[in-house]
Structures are given as structure tokens and as C-alpha cells.
Chemist: 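Before anything else, here's the structure in question.
Sequence lines set the chain letters: A, B, ... in the order given, protein chains first and strands last, and positions in each chain run from 1.
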Amino acid sequence: MNLSDYFSSTPGIYMAQSFCHALISVIIVERAIRTWRIEEPLMKQRFRFIVMVLPIFSWPVFQILNPDRGSILFRFEALFDINRWLYLNIGGVVPFGLIFILILILSTMIFIFQEMIPIVKHTHETRSRKLETHRPGPDSVVFQVLKEIKGKKPDVLIIDDDDYILFSATGRNAAVFLSTGLLQVLNRDQLQVALVHEMAHIARNKRPSLLFIFILRVMMFFNPVTLIEFRKIVQEEEKICDDIAVSITGKPHALAETLKKLFHTADAPKTFRVEKLTEVRANLQEYSQTMLIDSRIKRLEQETAGIKENAWFKWALTLIVISIINYYVV
Amino acid sequence: MKKQFIRYLLFAATVAAVILMLRIINWMPWIIQKDTIRPYSNIDLVRTRLQIHRVYVPSYFPKNLRWPPSRILAQRTPFIAVILEFRDEQTGDTILMTSQTAGGRPPVWDRKIEVQRVEEQVTYSLKGRKAVLTVGQCADGEHCSGVSWDEGKYRIDVLMKSGPFDLIGIAESMIHGSVPGSEAP
């Protein structure tokens, strides 16, 4: 099968159109977030879900609505016909379609090596490794702090370690883990807000919508736009849990201080610098992590966390506009 | 309120910019690469601009068919394809379509005529070529028939809103000469 045959086959048409639809969606969604100054992470996430969900269903839905959508006549009158680019030979030698395929392959490789394999590895390690933990006693500060939090609480387990460790495990045996090292440096308020933040993660991970979005991400393994947007959604999740923690405890500054203690170590990079090419990925990851933590701290200190926004009309308008434009992108 | 209105206007401007950008990006390869599918006003232009010297055109036309073709579409990239559409003299409906594609590829045409209910499909000798003749009905219940065969390096498909007799006459008129490869030295 040559390239032109592939791009006129159903998987080829689907991949090409879902890529275009995702690209147009991300441009409009990001502009909409900026134009309408959408600050609430939950609302931002809802806007970004458009980029994740729409390109998966757009092509089959459009084809059902109009089976002639793929016809030559429709393509002539469309806003954008990707086949014109895919059949283009750059300099008469390199087909643009080949470059497009390489981008999809690269995106698939990133998905496999940076997302799927680490998840499988992590799941395997979590199952096989037994962490040395103990439950906090009735006179411990953790116990006291937990008593002040209303509602159902997951297990909180202490790890004997001097390093600063705080994470939650979701699933059937959901629990919050924290180290003795971290316990020593956090005051009562900071500990409480940190625990509530982790509990928010556990509560949100029970929601089927997040699992649904992850399944959609897996389905769009080849799509580089989805790759970037999914990471933004994951980052937004941290801010949503910050908001939940602030709304329950009312202590944004305590959470900001906790974040500073947890992440602002002396070796955390403040600028993105590359000395060796092999360090690019690690440096980039560390840098983006620092950026995310800084923006979380900033909004907590400015006390903008937890402010609710009702932007459903704007969301619906954005969705309709993207759907109409994408209908004419074949 | 005024701020909100300005933001809606800004969003509208973004949408307009995206549409304009798409139009420009869509237009660029059309200009760069001249041999992708596009309409032509006459068959000689297809021959000269795309360097497709052999274009299969019917020479027999029943009375109700209008000459010249109502639509001519052709491409050289990604493969050679020529599509001709002919209309009914009275109704103006497309009633005949011919397709010529290289490398045994199926036609790339829009299915304005489609044999939806096949009544009979037979192998037929079309001036010595092994052709597949399909007779049946279109979606609207009218008679529809189609024939396809290999002609040298091309595959030819002809579809018509009529019974098989006119169709075979038209198809035979597209062939001039003996079976490719069987000529006497």
C-alpha cells in the first residue's frame, strides 16, 4: 500500500481529519480561554475536554450527517482539504504525506514510552512492592488533623523516611501516603490542607469522566495535539484539587507554603538551560514542573483559587463554532 | 457589560482569523502543485496540462445525452484519473459518468449514479476485453447499469442511468483499436 492509498482508506482519512480537527479545536479553545479570561481550572479543563473528545467522534458523526462529505465536490468547496497537502511533493521529491506519517509515528512513540510503559511499570511496581508503612496513632497530629475534616476519609499511611514524600494511591485500596520527614516540617494547617488535596485526588479519580478522558487519550495515541492537551488537563487537575482543598479548609496560604516546602528545593531549575542534548528531556520536565508549581503557588497566594465561574454559555458557543468549522475541514 | 461585549467580538475575530487562515493554507498547495484533482473546461486542457495523452472519451451518444461533458475532473498526482460527467439534454440531470484511473485503482468520482440494487452481474466481452457488466436499479428505482474493464495501464468505469444497451454502445465507442498488447508486430 502506498501513501495515497493509505490516505484514501478509512483509517487514513480518520487519522488525518482527527488531527486537523484537534488542531483547529486547540487553537480556538486556547484563544477562547484567553479572550474570556477563564481562570477557574475546572472550567478550563471543560474547555480542553472539547479538544480531547470532539476529534474522536467528529468524523463518524459528520459522515452520518452527510455521507457525501468526502466527495470531490465537497472537498472543492471545503474550508480546508488536508489531501491537498498530503499529496503535495515538497521540491518534487519528498511527499508531505510522509512527513505527516512521521509526525504521527513520533507521537505514537512518545505515547508508548512516556505514557503507557511508565503506567504499566508503576502499576506493576505498586502491586509487587510492599511499602513499610504504619497507621497514625490516636495521639498523632495526623489523627487529630483528620478528625477536623468532615466526610468520608481514605486511609492515611506513614512512611518512615526522611525525604519529603506525599502522594495518594487510587483504586480499590485508596490511601494517602506521607513520610515522617515531611511530617516534621509541616505545621498543623499545612498538613491538613496537604491531606485534603490528596483526598481530592482520590475522590476525583473515582469519577467515570476522568477514566473516560483517559480512554479517549489512548484512542488518540497517534495525535500530537491530544498528547499536549492531555498533559495540560493533567496539570489542571492539580489546580482543581488545590481549589477543593482551599474550599474545604479555607487555608490557601498554608497550601502555598506546603508546596514551597515540597517542591522548592535548591536544585529546582528556575530557567530552562541545556548543556547536553541528552539532558533536554529531563531538564524540560523539571522546568515545566517548576513552572506549574510556581503558578499554583501564585494563585494560592493571590487567593484566586476557589473562585467559581459560570461559563457554560461560552463553552457551548465554543463547541458549536468548532463543530461548524470542523464540518468543513476534510 | 461593555467589556463582555468586546470579548465576544474578540472571539468572533479569532474565529474569522481561523477561517481565513484555513482558506489560505488550503489554497497554497493548489497553487504549488498543479496536477492534483481539479476541474477543466475541456479535454484538450487535460491532455496538454497534465500530459495525459490518452483520454478515453465516448464517440457514440444516444440522442438524450448532451455534449460536451458537463464536468471534467482530472489529476496526475497521486495517480492519473480522469472523470467525465454528461447530462440529460432535457432534464439536466447527470446520467452518464466515465472514469479512467491508472494502476487498476477504483474510480475517485462522486457517486451521483450508483447501482444500488444489482439485478445481474456478468462478464462480457467488450471488443475482446474482459469487462464486468452490472445491471440493476438506482436509489430512485430507475434503471442503472455499469461496466468496467482494463484498458492497457488504465481501468475504465462507465456508469449510466439506463439499461445496458446504450451503455455498451457508449463503452464500445470509447475503445479504438485492438486489445492492448495483442497488436501484430
Chemist: In this structure, is the centre-to-centre distance between the rings of B:Trp27 and B:Trp30 below 6.0 Å?
Modeler: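 Judged by ring-centre distance (under 6.0 Å), B:Trp30 and B:Trp27 do not meet the cut-off.
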Chemist: Check for me whether B:Arg54 meets the cation-pi criterion with B:Tyr154, that is, NZ or CZ under 6.0 Å from the six-membered ring centre and within 45 degrees of the ring axis.
Modeler: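 Checked: cation-pi criterion not met.
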Chemist: Regarding A:Ser295 and A:Lys239, do their side chains bring together a donor and an acceptor under 3.5 Å, going by distance alone?
Modeler: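 Looking only at side-chain atoms, A:Lys239 and A:Ser295 do form a donor-acceptor pair, the distance falling under 3.5 Å.
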Chemist: Would you please indicate yes or no on a ring centroid separation below 6.0 angstrom for A:Phe222 and A:Phe111?
Modeler: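 Not close enough - the centres of the two rings lie 6.0 Å or further apart.
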Chemist: Would you call the rings of A:Trp59 and A:Tyr14 parallel, tilted or perpendicular if under 30° counts as parallel and over 60° as perpendicular?
Modeler: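 Perpendicular.
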Chemist: At a 4.5 Å cut-off on heavy atoms, which part of A:Arg34 comes close to chain B: side chain, backbone, both, or neither?
Modeler: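 Neither part; nothing is under 4.5 Å.
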Chemist: Tabulate, in ascending numerical order, the residues of residues 156-166 of chain B having at least one heavy atom closer than 4.5 Å to a heavy atom of chain A, or enter 'none'.
Modeler: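 Hits under 4.5 Å: none found.
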Chemist: Counting heavy-atom pairs under 4.5 Å to chain B, which of A:Tyr328, A:Phe80, A:Phe74 comes out on top?
Modeler: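 Counting heavy-atom pairs under 4.5 Å, the top option is A:Phe80.
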Chemist: Are A:Phe100 and A:Phe19 an aromatic pair, judged by ring center distance below 6.0 Å?
Modeler: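 Close enough - the centres of the two rings lie under 6.0 Å apart.
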Chemist: State which residue, out of A:Arg231, A:Gln45, A:Arg48, fulfils the side-chain hydrogen bond (donor to acceptor under 3.5 Å, both in side chains) condition with A:Glu236.
Modeler: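 Option passing the side-chain hydrogen bond (donor to acceptor under 3.5 Å, both in side chains) with A:Glu236: A:Arg48.
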Chemist: What option among B:Met21, B:Arg23, B:Lys3 has the most heavy-atom pairs under 4.5 Å with chain A?
Modeler: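 Of B:Met21, B:Arg23, B:Lys3, B:Arg23 has the most heavy-atom pairs under 4.5 Å with chain A.
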Chemist: Do you know which of A:Ile322, A:Ile27, A:Asn83, A:Asn89 has the most heavy-atom pairs with chain B at a distance under 4.5 angstrom?
Modeler: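 Greatest number of close heavy-atom pairs with chain B: A:Asn89.
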Chemist: Against chain A, work out which of B:Pro78, B:Pro39, B:Ala17 has the most heavy-atom pairs shorter than 4.5 Å and name it.
Modeler: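 Of B:Pro78, B:Pro39, B:Ala17, B:Pro78 has the most heavy-atom pairs under 4.5 Å with chain A.
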Chemist: Answer with side chain, backbone, both or neither: which region of B:Tyr8 has an atom nearer than 4.5 Å to a non-hydrogen atom of chain A?
Modeler: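 The answer is both parts of B:Tyr8.
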Chemist: Between A:Ser8 and chain B, with a heavy-atom cut-off of 4.5 Å, which part of the residue counts as in contact: side chain, backbone, both or neither?
Modeler: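 Neither part.
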Chemist: Please rank B:Gln75, B:Gln4, B:Gln33, B:Arg71 by heavy-atom pairs under 4.5 Å with chain A and give me the top one.
Modeler: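 Top count of heavy-atom pairs under 4.5 Å with chain A: B:Gln33.
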Chemist: Measure distances from A:Phe76 to the heavy atoms of chain B and classify the residue's part below 4.5 Å as side chain, backbone, both or neither.
Modeler: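 Just its side chain gets close to chain B.
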Chemist: Mind ranking B:Ile19, B:Asp35, B:Ile6, B:Ile83 by heavy-atom pairs under 4.5 Å with chain A and telling me who comes out on top?
Modeler: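 Highest number of pairs under 4.5 Å: B:Ile19.
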Chemist: If you count heavy-atom pairs under 4.5 Å between each of B:Ile25, B:Asn26, B:Val15 and chain A, which one has the most?
Modeler: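 Among the listed options, the one with the most contacts to chain A is B:Asn26.
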Chemist: Which bit of A:Leu86 comes within less than 4.5 Å of chain B, counting heavy atoms only: side chain, backbone, both or neither?
Modeler: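 For A:Leu86, neither part sits under 4.5 Å from chain B.
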Chemist: Could you measure the distance from the OH atom of B:Tyr56 to the OG1 atom of B:Thr98? Nearest 0.5 Å is fine.
Modeler: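 That separation rounds to 12.0 Å.
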Chemist: On the ring face of A:Phe62, is A:Arg69 found with NZ or CZ under 6.0 Å from the centre and within 45° of the axis?
Modeler: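 That pair does not qualify as a cation-pi contact.
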Chemist: What distance do A:Arg204 atom CZ and A:Cys241 atom SG have between them, rounded to the nearest 0.5 Å?
Modeler: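 Output value for this atom pair is 6.0 Å.
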Chemist: Which bit of A:Asp68 comes within less than 4.5 Å of chain B, counting heavy atoms only: side chain, backbone, both or neither?
Modeler: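 Neither; nothing under 4.5 Å.
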Chemist: Under 4.5 Å from any heavy atom of chain B, what part of A:Leu88 do you find: side chain, backbone, both or neither?
Modeler: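 Both parts, backbone and side chain.
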Chemist: Taking all non-hydrogen atoms of both residues into account, name the closest pair between A:Asn326 and A:Leu54 and its distance.
Modeler: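 For A:Asn326 versus A:Leu54, the nearest heavy atoms are ND2-CD2, 4.0 Å.
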Chemist: Nearest heavy-atom pair of B:Gln121 and B:Thr134: which atoms, and what distance?
Modeler: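 Closest pair (atom of B:Gln121, atom of B:Thr134, distance): NE2-OG1, 2.8 Å.
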Chemist: When the ring planes of A:Phe214 and A:Phe230 are compared, do they come out parallel, tilted or perpendicular, using 30° and 60° as the limits?
Modeler: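 If you compare the ring of A:Phe214 with that of A:Phe230, the planes turn out tilted.
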